[in-house]
Amino acid sequence: MSSFSIPLTGLKASSSEMNTIANNLSNMNTTAFKSQDVTFGDLFYQQIGTTGSGNPLQVGAGTQVSSTETDFSQGGIQETGNAADVFLNGAGFFVVQNGNTQEYTRAGNFTTSPDGHLVTQGGQDVMGYPATQGVVNLNAPLAPIVIPTNAVEQPQATT
């Protein structure tokens, strides 16, 4: 049975890697897509003896996918012409509200809803700390970002 099961572990691991590569290729032009890499690991080794020089003779039980890691390195800046699009420079995520759940994204291709909310392409509210008269309150809970459209603000003299 081991003559079949060991190669089968390699086929399963390779199949996982091919699926990951296919996902990377099919999404490479998706906004804010981050590619993934597969890392393999050996399954349990069994020592069956030693060589004449005392080195162990080991037989492995195959391989497995030990991890799938996402590459979160910085992408390139691309001019879009949309004033609502935002780019994250460095580490970080945008917080968006999906129903009652807060989720994270690096996709900054936003738009405004008819009521002035900054939203993702999927319609989730983009969240931020509230500001009063230009002062951001970092102790307050996150709230949807609202951009007043067609609103007139009173002018203020410079100081």
Please round to the nearest 0.5 Å and tell me the distance separating atom [atom1] of [X] and atom [atom2] of [Y].
X	Y	atom1	atom2	value
Glu17	Thr39	CD	OG1	9.5 Å
Asn109	Asn82	CG	CG	8.5 Å
Gln124	Asn98	CD	CG	4.5 Å
Thr112	Ile145	OG1	CD1	12.5 Å

Tell me the closest heavy-atom pair linking [X] and [Y], and the distance in Å.
X	Y	value
Ala84	Leu118	CB-CD1, 4.2 Å
Ser113	Val119	N-CG2, 4.2 Å
Lys34	Thr70	CB-CG2, 3.5 Å
Leu88	Thr105	CD1-O, 4.5 Å
Gln64	Asp42	NE2-O, 4.4 Å
Asp125	His117	OD1-CB, 3.5 Å

**OP:** Could you tell me whether the side chain of Gln97 and the main chain of Gly99 form a donor-acceptor pair under 3.5 Å?
**Re:** yes
Original post:
Is there a donor-acceptor pair closer than 3.5 Å between any side-chain N or O of Thr63 and the backbone N or O of Gly41?
Top reply: yes
Given the rule that I, L, V, M, F, W and Y join up when any side-chain heavy atoms are under 4.5 Å apart, are [X] and [Y] in one cluster?
X	Y	result
Phe93	Tyr129	yes
Leu142	Phe94	no
Ile21	Val38	no
Met18	Leu11	no

Original post:
Is there a side-chain contact between Tyr104 and Val96 (heavy atoms, below 4.5 Å)?
Top reply: no
Original post:
Going by heavy atoms in the side chains, are Thr20 and Asp37 under 4.5 Å from each other?
Top reply: no
